[in-house]
Each structure stands twice: as C-alpha cells, then as structure tokens.
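Below is one structure, written out as structure tokens; the observations come after it.
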Amino acid sequence: MFAAASGVAIAALLTGCVQSDRDDASSDDVDSTFVFAASSDPATLDPAFASDGESFRVARQIFEGLVGVEPGTADPAPLLAESWEQSADGLSYTFALKEGVTFHDGTDFNAEAVCYNFDRWYNFTGVAQSPSAGYYYNSLFRGYADSPEDAVYESCTPGDSETEVTVTLAKPFAGFIAALSLPAFAMQSPEALEEFGADDLTGSDEAVSITEYGQSHPVGTGPFVFDSWEVGSQLELSAYDEYWGDQGDVQQIVFRVIDDPQARRQSLEAGSIDGYDLVGPADTVALEEDGYQIVARDPFTILYLGMNQAVPELQDVRVRQAITMAIDKQQLIDQTLPEGTELATQFIPPVVAGYNEDVTTYDYDPEAARALLADAGYPDGFTLQFNYPTGVSRPYMPTPEEVFTNISAQLTEIGITIDPQPNAWSPDYLDRIQGGENHGIHLLGWTGDYNDTDNFVGVFFGAEKPEFGFDNPELFAALDEARAVSDLDEQLPLYEDINETIAEFIPAVPLAHPAPSLAFAERVESYPVSPVNDEVYNLIELAE
C-alpha cells in the first residue's frame, strides 16, 4: 500500500563463540529446543487484548491472521487468506481462505470461524472496550455493536463455500488489509474462546484481569501450541504436529523472562539461552568483539515523551514547546540508544509515506525554553510527574531508566522539578498510562505494525485518549478523512499536513527512531529478521 520500509535480510548468518549447555533434544543431532530471553512476561496470551511486544512475540508463534507480511518488510501478504478482492466502493472485502487448516484443538478454520472472530471483537462490552484492553480494536475500528455510529466494522458473511468469506465495513478504511497483519486480529478457535471464557474480563479501565483463556488456553492455527506459563520465569511452546506449513528445526520454544539487559547478555555468554532481543547499546560492541553476531532491525519505531494535558500546566502549548526545546535529542541518542538510531522530528519513520521533510521543529535551546515557561506564567518552573517503566526493555527503549535520567536532567535545567513515577512494566505501567488520568509526562513508544501512516499517527492521535488527555476535533477529523482515502497520491498531502498540525500542537515529543538489535549463539544459523517483529520461529535454522 505504501512504500516499503528499507529491506532487511530475511535470514542473517549468525556466528558466535559459545555452545549451548542445554541437553540435546533432537533425534537428528540438532538440539530442537530454542531458548529466547524475553524482557518481560506477556501481558496476556489473548492477542485481542494485547498491545505490547512481548505478548505479540508469543502470539506470532501460536496464532495467524488472514494477512501476514512479506518477509523482511512491513508490507501485507497472504497468510490464512490466500487472496482477497475489494469492492469498488472500498467497503467490502471477499477473502479466499486456505484449505485444510485446523486450530490446535482440532476444530476447522473456515469462514464461520473468521466471522466468529470479527463479531467477537465488534461485540466486546464493558472493560473489554477500555483502551488498556481492546487497544488496537479501539484505535483502528473505533466503535462496537453498542455504538455502531462510530464503528468501522459492519458485518461478516460466509460465502457459498467454507473457504470464502466477505467482511463489510461501515466506513472506508484504507489500511484495513494491512491492519489485519496485526496479532491483535489473529484468528482464534471459537470453541476454545467460549469454553475458557475469553471475554469474561473483570476489573477497571486501569487494571483489567487476564481470563482463564488468556492465562493458559490460547488456541490458534500457528506452528506452535501452548504448553505452560510460569509467570515471572518462563513460557513454553511446542511444534503443532498438524500445522499446514513447514515446521522447521525448532520443535520446542522456551521464552525465559530476563528483565535485566546485562543478565540477558550474561545468559547468552553462559550458553543458557540461544538469543535475545533489545541488546543494550553498551553491549553490542563487546559482543561483536567476542564473536557474536549482532543483527539490527531497520528503524521502524518511535520513542516519544508523552504529555498528558489533563495536567493543567501541560494544557499550555508554550509549556509543551518549552519541554520540547529543553531536550537535546542527539545527546539522548548518543548516550542511551542503540547504534543506527535516527533522530525523530515526527511520529512516523522517514520510510513511511506521508513523512513531511519540512515539518516544524523545536531545536534544543534551553534558554528559549526557560523564556517560554516564564511567558506561560512559570518563571520559577513547576513540579511535574514523570512516569517511566521499570523491569523491561522495549525495542524503542532498551534502557528506560537511563532515558528517564537523561531527560530528567535536561528538564531540571530549565526549572522543572521532576517527581519520579516508576512503575513495573507488567502489570502496572501500560494500565496507568493508557487507562486513566493519573500520570504526567511519560516515556512510551511504538514499533510499527505495518506500513501505513495511520498505524502511527492514527493510533496515537486519532481519538480522545487518557494517555494524552486532549480533545482536538479538527485533528481527529483530518485523520478520519486521510484513513478513508485509498489513492496514495491523494492521501500523501493529507498526511503531510497532519504531521505539520501535530508538530505545532505537540501532544508528545518525538524523540528517536531506535534500531533494535538481537544477538545469537553460534548454533543459530539464520533468523527471520523483520522490521515489524513478524518473526516466527519455525523459520529459524539451527546447526547440528
């Protein structure tokens, strides 16, 4: 749909110097157990209620959607749907489904299962509709059965055969096909969803429970089935014997939770894991010198400093400008982010169509920042909560505490007194930031899910959200208009104007487009690197 992100090799030759010390689990002289260090537990095993990378990393092994991505890119490609046709008005999509696919519980994947999933999302109620639960459906499909006037989705109808299904939209959505590559819209077993109460969520908008299904009974069509999850320790999967595609070398997966970047490196060096993501910037050189191969994804990320306008001081654009001008982004990148990180001026990477080369910027100028604060009525500054996550590394932020410390020092220089607000990533941080008003400025970011401008700015700023605490009907309407335009030549200038509007409004500060890195042991000969983290482990090649 849009220009592809810079290509990365589908499989990189990975070399290292440490042999795994785990027991050989293969009958063909290949240890078929692949141990990967995760930076945290998944938030849930039900991807419909997830928005974080660790949940999606696991989900991509268990579940598949109608649409995937072209290997090594961010562009949509057939997966469970072999092809599709779009109606002339852009509102109906007819999918030809892959034959002979079964869910892990033995039930058939067919048109009825597809409609069950679409109707499930549309009929979420209560806390399932909260931003901290149904984040992606909220952001992209906008409305539910109890608010059809807002909804993008209208209906799903099985065709004349079990392998044909038509999804009808109530409103045009140019990114619909690309959006279906998200794990949040993966196909799940209707029988398992019902049997294990997948939609029986309890709690509040800021603290949503995990259902029995989301804790221990996820059932998809992917190459791996769920075995066990010991929260805080590890999660185990095994190969699905009836998988429709290639099974590959990996027959068991262990996601071992190691939240400290230094401990992940030490585990790789000790041979107790085969690889890990989010390699700390300080570790890349040392690991390379020791013979490990560091593989970097192309930057398809954004790290930002969010500003909650429910905080009175942050309602003044002069204060938001001052905060922006207080931050030396290049220093932040040099001191805390991986090699290859690009400085951000807006909320989409340069490779995404709609990027505005001429967008308004607020260059580092602490003296001007202090003057703006004084002009806004704060000559002596003020105290501001600064929320940041602990116990996690993210693709856009390998070391959150270091980023917090760096920015805090810079804001202190212009007279803002920082009130530190650390929260454990799991289970508290996202619920606090996305589910309510109890936060100030905050660190968060995004790894693009597919190559569509709406996937960045539309998800962030397309509707009123507790994270940012503002109501801007003009911006919301502009984003609604752009996402409905299917012709790229017509759509590009709309998004360029939107990026300028966002730059002037400053709902958050775009900081950087980090380039996440992975590291692997010697026996991992190839790994399916993806700029959007669409990395399924049946494609890994292991040495004997």
Side-chain angles (χ1 to χ4, degrees), residues 51 124 126-144 146-152 170-171 173 175 204-206 302 304-324 346-348 354 356 359-360 362 372 376-378 382 384-387 430-446 453-484 494-510:
S51 63
F124 282 157
V127 295
Q129 294 185 8
S130 68
S132 58
Y135 184 81
Y136 275 103
Y137 196 85
N138 260 319
S139 299
L140 298 176
F141 289 91
R142 304 294 178 86
Y144 297 88
D146 59 6
S147 56
E149 66 278 2
D150 301 321
V152 171
K171 302 175 183 179
F173 176 20
S204 66
D205 288 352
E206 295 188 21
I302 178 69
Y304 62 82
L305 179 71
M307 292 189 276
N308 177 18
Q309 291 184 43
V311 176
E313 293 88 346
L314 296 177
Q315 294 171 6
D316 193 320
V317 71
R318 292 169 296 182
V319 172
R320 302 198 299 275
Q321 288 173 346
I323 289 173
T324 305
Q346 53 207 282
F347 290 88
I348 60 174
N356 187 340
V359 74
T360 295
Y362 304 89
L372 278 168
Y378 304 104
F382 58 91
L384 187 59
Q385 285 189 345
F386 191 163
N387 300 81
L430 286 179
D431 284 346
R432 182 172 182 182
I433 300 304
Q434 296 176 344
E437 295 184 351
N438 182 25
H439 60 278
I441 58 173
H442 54 276
L443 293 175
L444 208 51
W446 192 257
T453 317
D454 182 69
N455 181 239
F456 289 87
V457 293
V459 169
F460 297 150
F461 311 123
E464 195 170 358
K465 290 186 174 181
E467 178 180 354
F468 301 109
F470 70 83
D471 185 17
N472 188 329
E474 293 81 8
L475 176 59
F476 301 157
L479 284 162
D480 278 342
E481 178 187 0
R483 80 198 304 262
L494 298 179
Y495 276 124
E496 289 172 355
D497 290 345
I498 286 168
N499 281 320
E500 174 60 24
T501 298
I502 293 169
E504 295 175 4
F505 182 58
I506 322 178
V509 183

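Only this structure's heavy atoms are used, side chains among them; waters, hydrogens and symmetry mates stay out.
- Residues Lys465 and Val459 form a side-chain contact, since some pair of their non-hydrogen atoms from C-beta on lies under 4.5 Å apart.
- Side-chain N or O atoms of Arg320 include none that pairs as donor or acceptor with a backbone N or O of Ala508 at under 3.5 Å.
- By the 4.5 Å heavy-atom criterion applied to side chains, Leu443 and Tyr304 are not counted as neighbours.
- Among residues two or more places apart in sequence or in another chain, the side chain to side chain donor-acceptor pair (under 3.5 Å) test is passed with Glu464 by none.
- Using a 4.5 Å heavy-atom threshold, the side chains of Pro507 and Ile502 count as touching.
- Looking at Tyr362, its side chain does come within 3.5 Å of a backbone N or O of Ala503 through a donor-acceptor pair.
- Judged by distance alone, with hydrogens and angles left aside, the side-chain atoms of Ser147 form no donor-acceptor pair with the main-chain N or O of Gly143 at under 3.5 Å.
- By the salt bridge (charged side-chain N to carboxylate O under 4.0 Å, His left out) test, Arg142 is found to be paired with Asp480, residues two or more places apart in sequence or in another chain being considered.
- One N or O on the side chain of Gln315 and one on the backbone of Gln309 form a donor-acceptor pair closer than 3.5 Å.
- Judged by distance alone, the side chain of Asn356 and the main-chain N or O of Asp497 form no donor-acceptor pair under 3.5 Å.
- A donor and an acceptor atom, one from each side chain of Asp146 and Gln129, are located under 3.5 Å apart.
- Evaluation of the salt bridge (charged side-chain N to carboxylate O under 4.0 Å, His left out) rule for Arg483 yields Asp454 as partners, not counting sequence neighbours.
- Aromatic ring centres of Phe470 and Phe505 lie closer together than 6.0 Å.
- Classified by interplanar angle (parallel below 30°, tilted 30° to 60°, perpendicular above 60°), the ring pair Phe347/Phe460 is perpendicular.
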For Phe382 and Val319, what are the C-alpha separation, side-chain angles and deciding distance, and is it a side chain to side chain contact (heavy atoms under 4.5 Å, CB included)?
CA-CA 11 Å; Phe382 58 91; Val319 172; 3.7 Å; yes
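- Two residues are said to be in side-chain contact when any heavy atoms from C-beta on lie closer than 4.5 Å; Leu140 and Val152 fail this criterion.
- The closest side-chain heavy-atom distance from Glu467 to Leu444 is below 4.5 Å.
- A donor-acceptor contact shorter than 3.5 Å is absent between the side chain of Glu437 and the backbone of Pro466.
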